[in-house]
Participant: 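Please see the structure below; I have some questions.
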Amino acid sequence: MSGDIAAMRSRLLAWYDREGRTLPWRIRPEERAAGRAADPYAVWLSEIMLQQTTVPHAAPYYAKFLSLWPTVHDLANAPREDVMAAWAGLGYYARARNLHACAQAVSRGLAGVFPSDLEGLRALPGIGEYTAHAIRAAAFNLPASVVDANVERVITRIFRIEAPLPSAKPQIRKAAAMLADPDRPGDYAQAIMDLGAVICTPRAPSCGSCPWESHCAARVAGDQERYPVKAAKKAKPVRHGIAFVVFRGAGEAREVLVRTRPDKGLLGGMLEVPGTDWVEDAGALPSPEEAAPLALEWREAGGITHVFTHFELRLTVFAAPFDAKASLPDGARWVAVHPIRAAGLPTAMKKAVQAVL
DNA sequence: GAACCGTGGGG
DNA sequence: TCCCCAAGGTT
């Protein structure tokens, strides 16, 4: 078995040296061998953005953040609303709140130096088990064992693990830790994730190109697509609400009225257009006249649907031009619609605004 | 442990 | 169209 492990490490790393992806935040093996070190700030930023997010989706945000805030001190000193607006569209907005809090903790509490030990990393907001190991490996090239969804897929196939996720996680962690290469931890961590992303894909994996083909129990059995086995998922309920878009100005000068959502919960800390609560019983909604934030000439502008992680939202959108005689509701302010059509708004709110344009 | 928390791409 | 999925963390 130990011979197998050595062979697997060496095959995976040889494949990665040849076929691994070049990514903006990644130090390639030849760069690492030449003594070039990764920037822990850049690695951390990329890891937070990549949580539950694809590389193509995160990449432009990564470039934007590094350009706006090149160091952890710059990010720590940025107004939080600027950080939230820059994150808009990436989703899971607790990541952005934690990102800002983590930057402040590192900048002000740790003199701008990211910890390299697991305990120190885990203590920072937004850094959990996976991310601590990933930063330790990719940024510091220290021994670690990353277990993300890619690694879970690879490991359950290699060992043909029948237990469903998430209960199989402890077994997966053990197997992954046993395989991890202590001599090239940074390259190994990124190699096994690349393997999952490029070769060992959820559907139609490219087993013929896999450096671990002969070591893979599922491949030998021919049932690799059965893994990982997952627990059944719950149905998504539908929730209904009314959104109100107050606008002023026209064309490129048009603005809409927004407010900031409370910190906790869905879209916490993000901008929204005024609206009702979101309820499962559409019949329980108030009338638009009762619910409107201002007494204006409302017209129904249409409806939008947006699917969140655990429910589907259907908003009826009402629109009205602002009446200069009216006074703004508490906490409300105007934002321009033009720059990239309601940039800075989360997607559901962007859809509501666009229903009016 | 389970619920909560976004979004967009691919089959 | 619908369903699956992603470099997870927090409570």
Side-chain angles (χ1 to χ4, degrees), chain A residues 20-21 23-26 42-62 84 87-99 101-102 121-139 144-154 164-170 172-173 176 186 189-198 200-205 225 227-228 230-237 239 261-270 272 278 305-313 345-351:
Chain A
R21 294 175 293 178
L23 298 171
W25 46 85
R26 176 175 285 180
V43 170
W44 162 74
L45 183 61
S46 74
E47 287 299 341
I48 302 300
M49 287 184 169
L50 288 164
Q51 288 168 2
Q52 298 285 284
T53 305
T54 58
V55 166
H57 192 193
Y61 286 84
Y62 172 82
M84 300 308 288
W87 194 277
L90 247 196
Y92 285 131
Y93 297 99
R95 292 187 296 168
R97 302 194 297 272
N98 287 331
L99 183 86
C102 182
L121 287 165
R122 283 294 311 264
L124 292 166
I127 298 182
E129 186 72 14
Y130 159 76
T131 306
H133 282 266
I135 292 173
R136 189 171 151 78
S145 175
V146 292
V147 181
D148 69 336
N150 288 306
V151 176
E152 287 176 349
R153 190 168 55 254
V154 170
L165 284 170
S167 57
K169 281 176 185 271
I172 296 171
R173 265 197 286 277
Q190 296 179 87
I192 191 169
M193 290 193 286
D194 264 26
L195 188 72
V198 175
C200 196
T201 50
R203 283 176 303 258
E225 286 196 59
Y227 305 92
K230 295 192 174 181
K233 46 191 62 150
K234 286 177 44 182
K236 279 184 193 189
R239 293 184 194 168
R261 289 176 64 86
D263 237 32
K264 286 189 176 279
L266 189 77
L267 307 181
M270 298 298 291
E272 67 172 359
W278 302 337
T305 295
H306 187 74
V307 181
F308 289 105
T309 310
H310 56 292
F311 68 94
E312 176 182 321
L313 177 63
L345 297 183
T347 301
M349 296 300 147
K350 202 164 150 182
K351 286 180 181 174

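Naming: A, B, ... by sequence-line order, numbering from 1 per chain.
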Participant: Pairing of DNA chain C as dot-bracket, 5' to 3': ( ) intra-strand, [ ] crossing, | other strand, . unpaired, with Watson-Crick or G-U pairs under 3.5 Å?
Facilitator: .|||||.||||
Participant: Do Leu50(A) and Asp148(A) have side-chain heavy atoms sitting under 4.5 Å apart?
Facilitator: no
Participant: How many angstroms lie between atom CD1 of Ile48(A) and atom SG of Cys102(A), to the nearest 0.5 angstrom?
Facilitator: 6.5 Å
Participant: Would you mind classifying the nucleic acid contact of Ile48(A) as base, sugar-phosphate or nothing, using non-hydrogen atoms under 4.0 angstrom?
Facilitator: nothing
Participant: What interatomic distance, in whole Å, is found between P of dG11(B) and the corresponding atom of dA7(C)?
Facilitator: 15 Å
Participant: Please answer whether the main-chain N or O of Gly268(A) pairs with a side-chain N or O of Arg97(A) as donor and acceptor at a distance below 3.5 Å.
Facilitator: yes
Participant: Between protein and nucleotides 5-11 of chain C, map the contacts as a letter string: B base, S sugar-phosphate only, - none, heavy atoms under 4.0 Å, written 5' to 3'.
Facilitator: SBBBSS-
Participant: Taking the six-membered ring for Trp, are Phe308(A) and Phe311(A) parallel (under 30°), tilted (30 to 60°) or perpendicular (over 60°)?
Facilitator: tilted
Participant: If you apply the rule side chain to side chain donor-acceptor pair (under 3.5 Å), what do you find for Arg26(A) with Gln190(A), and how did you get there?
Facilitator: CA-CA 9 Å; Arg26(A) 176 175 285 180; Gln190(A) 296 179 87; 3.0 Å; yes
Participant: Please figure out whether Pro166(A) or Gly89(A) has its closest DNA chain B nucleotide nearer the 5' end.
Facilitator: Pro166(A)
Participant: Under a 4.0 Å threshold between the charged nitrogen and the carboxylate oxygen, would Arg122(A) count as salt-bridged to Glu129(A)?
Facilitator: yes
Participant: With sequence neighbours left out, write down each residue that passes side-chain hydrogen bond (donor to acceptor under 3.5 Å, both in side chains) with Tyr92(A), or none if nothing qualifies.
Facilitator: none
Participant: What is the nucleic acid contact for Gly268(A), judged by heavy atoms within less than 4.0 Å: base, sugar-phosphate only, or nothing?
Facilitator: nothing
Participant: Need one value for Val307(A): base, sugar-phosphate or nothing, where a base atom within 4.0 Å counts as base even if backbone is also close, heavy atoms only.
Facilitator: base
Participant: Between Val154(A) and Val151(A), is a side chain to side chain contact (heavy atoms under 4.5 Å, CB included) present by the stated rule, with each step listed?
Facilitator: CA-CA 5 Å; Val154(A) 170; Val151(A) 176; 5.6 Å; no
Participant: Mind checking if Pro56(A) touches a base, just sugar-phosphate, or nothing, with heavy atoms under 4.0 Å?
Facilitator: nothing
Participant: Run the salt bridge (Lys or Arg N to Asp or Glu O under 4.0 Å) test against Glu312(A) and tell me which residues pass, sequence neighbours left out.
Facilitator: Arg314(A)
Participant: Roughly how far, to the nearest 0.5 Å, is the CG atom of Leu99(A) from the CE atom of Met84(A)?
Facilitator: 9.5 Å
Participant: Arg261(A): which residues meet the side-chain hydrogen bond (donor to acceptor under 3.5 Å, both in side chains) condition with it, sequence neighbours left out?
Facilitator: Glu272(A)
Participant: With a 4.0 angstrom cut-off to heavy atoms of chain A, pull out the first and last contacting nucleotide of DNA chain B, in 5'-to-3' order.
Facilitator: dC4(B) to dG11(B)
